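First up is the structure itself, then whatever we jot down about it.
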Amino acid sequence: MLIGWKKIVVLTKIVPDTSAIINQVLSKNFEEYKIKEIIIHRALLSELENQANQGKETGFIGLDELKKLRELKNIKLIFKGDVLTKDEIILAKRGAIDEIIRNLALVENATLLTSDRVQSEVALASNIPVKFFKSIKQIKALSFEKFFKPDYMSVHLKEGDFAKAKKGTPGNWSFVEVSKSKLTDKKLNDIADEITSASRILKNSFLETNRKGIIIAQIKNYRIVITRPPLSDAWEITLVRPVKKLNLSDYKLSSKITNRLESRAEGILISGSPGSGKSTFAQSLATKYASLNKVVKSLESPRDMQLPPAVTQYSLNKASHDDLRDILLLTRPDYTLYDEVRNMSDFKLFSDMRLAGVGMVGVVHASRPIDSVQRFIGKVEVGMIPSIVDTVIFIKNGQVEKVYGLRMGVKVPSGMREKDLARPVVDIFDYDTDELEYEIYSYGDSTVVMPVKEVKQKEREDKRQLRWRLIETSKYFEFLFFTPTKKVEIIIDKVLISKLPVQKGKSLKIMKRSALGKEIKHAFRNRLQIKFA
């Protein structure tokens, strides 16, 4: 909760600015001060209305504060000044409204209340009585922190339900209740107000998204998502924090993979399901690159990664993808950590930066390692994929479960026989064993992602079935034509399957008509060795 000034001061007449109204200092601490009259400039009301029309939560918070002030007893609430024009609203971000409110305080001989440091300094320079309060910075702990314990990954607050938490680590957690009573909409509203205020005041805190019904904020090391009606059926606040910070050495990677990550890999995808530990691994990788004197940047939404001071964190919500592309090309990073690659614009920016020569590390949601590569299909040409992604790291339950390498070549895809079917093929192989697992290639108008292991297994099963069919046919043939004058040997994979006796003068005719003749033709087509003796 916001706390007022350290000492009780008689403030007969005050003029609050936008920051004071949005922080809700007056309604929450009114009883501590002898305020007789509050003057609100209509420009402030216009600004709050404009923010609310844009769906920003701060607009609704400010309007709720004005409602609370009107309900207070023994106080005079007065609105003065002219309503802003459209041009003045546009200029609001440049300080136009702040100046209008300062002038009102000067004319009315009132005290200006603000939590904006710049507004306070300008008022002092202009000889305007001002009261600046740090409010939330004086609080030792935020109210929602009481729900957390050292081994809690996240806390989930829902209106009409008990507060709950995920206790444990990725892949090994349980859902536990952390409150004795059910949460009310007022309680969650107060926590949301506190989070909104803290995001503007506390260091390393940001308000990433502020739209109607939704707030996404980063408060220190807490990633917070707030939803309320009409977006959700009731108030809900989800708070997530990192449980443990790991180094790259803690993942016990083979020396072969470690050497690739440190030297050759420059198009890396870190994939896994939500909560599997992708961001934790990405943090450790970025920290490792920074320790190798590499210039590292990050693109995040929200900026929730715990990275060294040397790593600059950019917000995907505060600039366009084109602006971020220009910034990255001008700052020339060795590696850029992209958390998370979701939509078409993200894939395009990731691809453009990688093709420009910047090392890219992308975090992607995927239930299987191959799924992260498949996300690029249709967004870039198949032949370009190995130039954009050369390494795929799949995380499960907080550990590295699979590492794939990608390479480009021209060959006959697995499962095809004819040499004229050769085409460009993307090989996806297990980097530790070098075993080929998937092939990606174009077939007509389609793009095929072929699991090579399944193809080889099917080929082995087909050959095994063919052997049994030939053996059964040979037994029938041997019974029917028991006078041997010639022998037919059928060899599959250098293994002698049968020696078939053929009756003199009828062998060719019978071979064409009989089921055995069809099997031998089939054997020819499948490059099996047949000898006549």
Side-chain angles (χ1 to χ4, degrees), residues 19 22 51 54-59 61 92-94 116 118 136 142 192 195-227 231 237-242 270 274 278-283 285-287 289-290 295-354 356 358-365:
S19 63
I22 292 176
Q51 291 183 15
Q54 292 178 10
K56 293 183 178 180
E57 197 68 24
T58 50
I61 292 172
K93 292 183 178 179
R94 303 178 186 176
D116 185 332
V118 175
I136 204 164
L142 296 165
I195 290 168
T196 303
S197 300
S199 66
R200 294 192 303 272
I201 298 173
L202 291 181
K203 188 178 181 181
N204 298 325
S205 300
F206 319 95
L207 196 63
E208 295 285 356
T209 300
N210 183 12
R211 298 194 298 269
K212 187 174 183 179
I214 180 170
I215 291 177
I216 300 176
Q218 183 68 29
I219 308 296
K220 297 184 289 187
N221 65 332
Y222 296 95
R223 183 181 66 204
I224 303 170
V225 179
I226 304 171
T227 61
L231 176 64
I237 302 177
T238 304
L239 307 103
V240 182
R241 70 170 183 182
I270 301 172
K278 302 184 299 299
S279 296
T280 303
F281 182 83
Q283 288 174 183
L285 190 59
T287 303
Y289 286 145
V295 178
V296 183
K297 312 287 185 184
S298 75
L299 301 176
E300 304 172 54
S301 176
R303 287 163 283 181
D304 60 341
M305 288 194 173
Q306 308 300 307
L307 299 173
V311 179
T312 302
Q313 297 174 260
Y314 297 118
S315 172
L316 288 163
N317 291 323
K318 304 300 181 181
S320 67
H321 285 71
D322 290 336
D323 291 338
L324 291 170
R325 181 186 296 106
D326 294 340
I327 290 170
L328 291 175
L329 290 175
L330 290 171
T331 54
R332 301 179 181 178
D334 297 307
Y335 286 93
T336 298
L337 179 60
Y338 205 130
D339 180 41
E340 295 171 347
V341 183
R342 297 187 184 97
N343 52 41
M344 188 67 178
S345 299
D346 295 333
F347 282 99
K348 189 175 186 303
L349 179 56
F350 186 95
S351 303
D352 287 349
M353 295 306 301
R354 181 67 200 98
V358 177
M360 298 296 292
V361 181
V363 178
V364 181
H365 286 293

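Start at 1 with the first residue, then count along the sequence. Here the structure is a predicted model, which is why all the values come from computation and not from measurement.
Here the OG1-CG distance, from Thr336 to Leu328, works out to 4.5 Å after rounding to the nearest 0.5 Å. Summarising the geometry, atom CD1 belonging to Ile216 is positioned 9.5 Å from atom CG belonging to Leu207; distances are rounded to the nearest 0.5 Å. Rounding to the nearest 0.5 Å gives a distance of 11.0 Å between CG of Asp322 and CD1 of Ile327. To the nearest 0.5 angstrom, Ser315 atom OG is 3.5 Å from Glu208 atom CD. The CD1 atom of Ile215 sits 3.5 Å away from the OG1 atom of Thr196 when rounded to the nearest 0.5 Å. The CD atom of Gln306 sits 10.0 Å away from the OG1 atom of Thr287 when rounded to the nearest 0.5 Å.
Using a 4.5 Å heavy-atom threshold, the side chains of Pro333 and Val296 count as separate. Using a 4.5 Å heavy-atom threshold, the side chains of Thr227 and Ile237 count as separate. Using a 4.5 Å heavy-atom threshold, the side chains of Leu329 and Met353 count as touching. Side-chain atoms of Arg354 and Val358, non-hydrogen and from C-beta on, never get closer than 4.5 Å to each other.
Partners of Lys348 according to the side chain to side chain donor-acceptor pair (under 3.5 Å) rule, which considers only residues two or more places apart in sequence or in another chain, are Asp352. Asp323 pairs by the salt bridge (charged side-chain N to carboxylate O under 4.0 Å, His left out) definition with nothing, not counting sequence neighbours. Residues passing the side chain to side chain donor-acceptor pair (under 3.5 Å) test with Thr209 are Asn317, sequence neighbours excluded.
In plain terms, the two heavy atoms of Ile195 and Ala217 that are nearest each other are CG2-CB, 4.0 Å. For Leu316 against Ser301, the heavy-atom pair with the smallest separation is CB-CB, 3.9 Å. For the residue pair Lys278 and Val364, the shortest heavy atom distance occurs at CD-O, 3.5 Å. Ser205 and Ala198 get closest at one heavy-atom pair: CB-O, 3.7 Å. Closest of all the heavy-atom pairs between Val341 and Gly362 is CG2-CA, 4.1 Å. Of all the heavy atoms in Ile224 and Ile226, the pair that sits closest is CG2-CG1, 3.9 Å.
A ring pair (Phe, Tyr, Trp, His ring centres under 6.0 Å) check over residues 195-219, counting only residues at least two apart or in different chains, returns nothing. Listed by first and then second residue, the salt bridge (Lys or Arg N to Asp or Glu O under 4.0 Å) pairs that reach into residues 326-339 come to none, sequence neighbours excluded. The list of ring pair (Phe, Tyr, Trp, His ring centres under 6.0 Å) pairs with a residue in residues 310-340, not counting sequence neighbours, reads Tyr289-Tyr335.
Applying the side chain to side chain contact (heavy atoms under 4.5 Å, CB included) test between Met305 and each of Arg223, Gln218, Gln313 identifies Gln313 as the sole match.
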